[in-house]
Structures are given as structure tokens and as C-alpha cells.
Amino acid sequence: MASVPIKDRKFDTQVQYLKYKVLREVARYAFEDRLLDAYTEIPKLIVKEKPTMRCCIYKERAIVEERIKLAMGGDKNNPNVIEVIDIACDECPMSGYNVSDACRGCIAHRCEDACRRGAITFDEHLHAHIDKSKCVECGQCAKVCPYSAIVNQKRPCEKACKINAISMGESGAAEIDNGTCISCGACVYQCPFGAIVDKSFILDVVDMIKKSDHNENYKLYAVVAPSISSQFSYAKLGQVITGIQELGFFHVVEAALGADMVSYAEAAELAEKGFLTSSCCPAFVDYIEKQFPQLKEHVSHNLSPAATIAKYIKETTPGAKVVFIGPCTAKKMEVQKERVKPYIDSCITFEELQALFDSRDIDLKSLPEGVLDNASYYGRIFARSGGLSDAVTQALKEQGLDQTFELKAIACDGIEACRMALLKASKKVLPANFIEGMACIGGCIGGAGCLTHGDKNKADVDKYGMEAYEKSIEQAISRHYSNNRLDAEAAVNDVLEQFGPDRVQYVLANTVRHKEWDGRISRDNKAWASTIPMPEGGSQDRHSEYLVVDRCNPGLTDLFLKQVRQLAGEREKPSIREKLQKAPAAPRRSAPAKKKETER
């Protein structure tokens, strides 16, 4: 199978590309049982005869050797999954306030007057200097300089780390305080020299794939994060799912199904306790434990979505092994905790998944589309900031708890927002009873292990979540249509078993509004659709364009809607728990379902 052209890749930086190349070759050598040759051969494969990033090829190759070590698991004596490659660190200039060449040597000396520490002095040319032994980095001198000649210079890694876990060591290279670090990986992505890297467990995954012997010895499951919908932009999501199975995984399961479980349990726990913080983001939980230990008792006792669904897989499939695939570097710390270790055997990022694909020369674009349709809309939108709060709101309603408990949620987008909410909570002045904490900006879609980073990712996740609705309706109509006749009652019952009537009616009303021009939809249904409230700006909402039943004959959709309206008041809405209890003991490969879909 031909190798996928590199022009079809999307890496934000050359640092990511270098990291990918090392991971790809290490995985390739592992699959071919040639790891002993990796240290001598891979540096020469990646660094050719001319230097492209450093002073000489010898330093470049030495850095690649250090990257190979991290690709093989890194320093076993360092418990942190984030490490610094000392020889790759460019020893950036000293951080803090410094006087630039823009200083004109004026005679006002406002900077000197503003400094209460006596840290400002002047040379014979009246050029200002800052004594770092006295400076407290208050910035008052910079505020009063008429030429803006005093600037606050921070190392990119220090600037990226919002919890001050990075400092400059005696050698001039960056150092990470493991007692403060929460392994969020912000510094990994922001370091322009690639000197800070997350350890990889890619060899563990290769080993499990090989030892499973095509899933004969044990079943190997991949649990994928919902944010996968915003990655691998050069291929379709269904092709990515098939690609994971081509690697040797028995089945691909959504972590979003675990999110459905978590939101249901977390809603009940919140209503019982009255105040709670989420437990889904491992970096956020670690931050509470290290910086706000007095709030530790308020962290939800539920496992994270990935661990929850992994636990379900292990309990229903004896001997199974589970690999989590997502955007999160902190997840690599979580899977090592005693509470999670029994359920998740290893963890890799989307960057590492891309390297695995290419180590086996898997061309995703040439593969058929697999189907990933386990979870609900609310489970899938956990990937973005605010998604968990929306899911808990829905779970409270489904359990009838919204009648006695009023949810006041605050969604914290990034660790700085988390800090402010936790500070207020620790002083009992937070006007909220539920803190949804996401260490990365935007939520999981902003994780350091993503292939791409950008605002468009949020819309992709919402679109992916919406597909849980419209795809179920389309499949139900297709399944119960034969001999030019639709068994509308059976089709509607299929859908209402998965989703409550409120959700289904919203999808159908939104569909009708988008097809107002279509004469195959009855006037009665059009009039009904206009009475259904549309959240967040009505039919012009940015999510609504994805929530349309678009692959069925509008006449069949019209018949389906009539039956929904007739049955909606006759049934009680099934809960998420009821839905999960009907889940099969072991998820089956979903490729056959896709075949039926293409026949329509």
C-alpha cells in the first residue's frame, strides 16, 4: 500500500512534523522487530547530510536520539510525562522586564522614580539598566516609560505555563517543577524549539497489537475521544475508524458513551451534595489536588468518561485490553493512577495515532468508511468547553431532579478561568454550584496532542454530536421502508428507544424549517414546526444547519414526523441509564452497518 503523501498532512509547526517523523519510525521499527537498530539508523534517516534546524547535523542527530528515548517511554525515574530535552533547549534570554534599545536616555527618569526597589540604574550614556537581584517584576517602570522601552520578555514555555511550573535552571535550560506541573502539555505545543516533549507509550500499543495476534489471544479495544471529529482533516471520520481497525484493533468505541454514563451519575451526585466540580479533565483534577486541596472533597467521585467506558468493556469482555486515543497529554498521567490503571492499558495522542497509521503505510483516504454511532449528542460535546454542563443539565431533567435542584453551572475555559472559579469557591463567594473545569482553552479540542488547533474545531465537534440524532432517524426510516411502504410506527419506536421525544421533535422541527420550500412536507407539519422553540438563536443557530435529516425522501420524513407527533405524548422518555442497560455485552464491528447505509 502506497505511503500517504505528506502534502495531505496538517501539522501546525515543523516541531510537530519532526516529532511525528520520530514516532513514525520508532513504531515502524517496533512492528518490524528492529528496535535495536533504532538509535543508530533513525537519526540518519531523519537528519540528512545538511542541517536544517541547528548549527550542524551532529547536534540535530543528537537531539533526534533524545527524541527516540522519549518515543520509547522516556526517563523511567521521572514520574512526569512531560520532559525537557536539555540539548534542544535554546537557553532563551532571561525572562522578565528588560530595557530594550528603544531607551533614549531621557532626563525625566520616570522609570527610576516609579521603582520602589532601587533596581533602575543608568550608565554613562544615560541608558537605563535593571538590576535583576532587586527587581520584583512589578512592571511599574514599564508603565511610565514614554518610549515603551521596557518590555516584559518571557520564555515561550514560561508564558504558556499558567501555573508557573517552569523556570530556568542553573544550566540555562528550562526546568519543570513536578510538584506543580499538571501535565496539560501547553508548554509542549508552545516551545518553538521542541525542547519540551511528552513521553510516548506508542511501543506499548504496538506490543499489544502484535501480541493480540489479530485479536485471537485477546480483544483489543480503542476508546476514542469525541474530539477526533475535528482531527485528520484530509480524510473522513469513518475512514479514520476503519484505519484504527486496520492497525489491529478489534473494535472502536466512543469515549462519549462513557460521557453519557458520567453525566447521568454526576448529575445525581451534584443534586445530592449541592456543590461539585467535574472530574473529566485529569489536569483540572490534578490542579485542584495540588493548588486547592481544601476543595478536593468536592471533586466528583466518578471516573472520567474514558475510564468509565473502559471499565464497562473490561467487565463485559473478559481479558480485553483497552487503549485510549485522544488529544490529552495529562491522560497519560491519569492512566497510571491506581484507580484507573485496571481499566485503561495504555494511552496515545492523535499525533501518535497518525504516526501509527503511517508506520503501517495505511492510506486513510483509500479506506471504506466505518461507522461510529454509539453515543448521544450530549456525550459527544464533552470535547468542547461547556459541553459537560449541557449534558448535566439534560441528565438532571431526565432523572426529574431539575424539579428540586437548580443547576448553576460555570464552564471554565482554560486553567486561568479554572483558577478564578476555584479561588471564589474556596472563599465561598462563587455564584455557582457546579464547576466544569477544562485546563485547555476550548476544552479537549485544544489539547496538546491534537494534530490541529483552531476555532473551527468547536463547530466540528458540534456537528459530530448532532449526527447522533439525524443518523438514527435516517437509519430507522431506511430499515423500515420496503415495497414502497414505510412502517412509520416501527421506525419511530426505534428512535424513541434511543432518544426522548423532545430531542427527536427538535431535530424534525429543525429539518422542516430548513425545507420550508419543499411541497412534499405537509402544511400541517410546517405549521407545527413553527411552534417548536429553537434554542440559541432559532433556526439560524450555528448548530442547526447540521441537525437536518437530509438523506431521506422528504415525503418519508413527513410520514415519520406525523407518527412522532402522534406517539410523543403516549410514551415516557427513556433515561440514559435505560439506554446503557440495553447496550450489548461486547460492541461488534460496525462495518456491516455502513454497507446497509450505502444501499439506500
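On a predicted model such as this, the values are computed, not experimentally measured, just so you know.
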Would K341 and E338 pass as an ion pair if we require N to O under 4.0 Å? yes
So do the side chains of L353 and F232 get within less than 4.5 Å of each other, counting heavy atoms only? yes
Check whether any side-chain heavy atom of E489 lies under 4.5 Å from a side-chain heavy atom of V492, and answer yes or no. no
Taking only Lys NZ, Arg NE, NH1 and NH2, and the carboxylate oxygens of Asp or Glu, determine whether K515 and D558 approach each other closer than 4.0 Å. no
Indicate whether any N or O donor in one side chain lies under 3.5 Å from an N or O acceptor in the other, for S522 and D524. no
Looking at D177 and K290, is any side-chain nitrogen of the basic one under 4.0 Å from a carboxylate oxygen of the acidic one? no
Between E334 and K331, does at least one N-O distance fall below 4.0 Å, as a salt bridge requires? yes
To check you understand the geometry: which heavy-atom pair defines the closest contact between I415 and K162, and what is its length? CG2-CB, 3.3 Å
Would you mind reporting whether T511 and I521 have side-chain heavy atoms less than 4.5 Å apart? no
Is the shortest heavy-atom distance from the side chain of S426 to the side chain of Q294 under 4.5 Å? yes
Residue of the set T329, N178, N80 for which side-chain hydrogen bond (donor to acceptor under 3.5 Å, both in side chains) holds with S183: N80
Which heavy atom of K321 sits nearest to which heavy atom of K314, and what is that distance? CA-CE, 4.1 Å
Is there a donor-acceptor contact under 3.5 Å from the side chain of N215 to the main chain of L220? yes
For G370, does its backbone N or O pair with a side-chain atom of T242 as donor and acceptor, under 3.5 Å? yes
Under 4.5 Å between any side-chain heavy atoms of L303 and K311, yes or no? yes
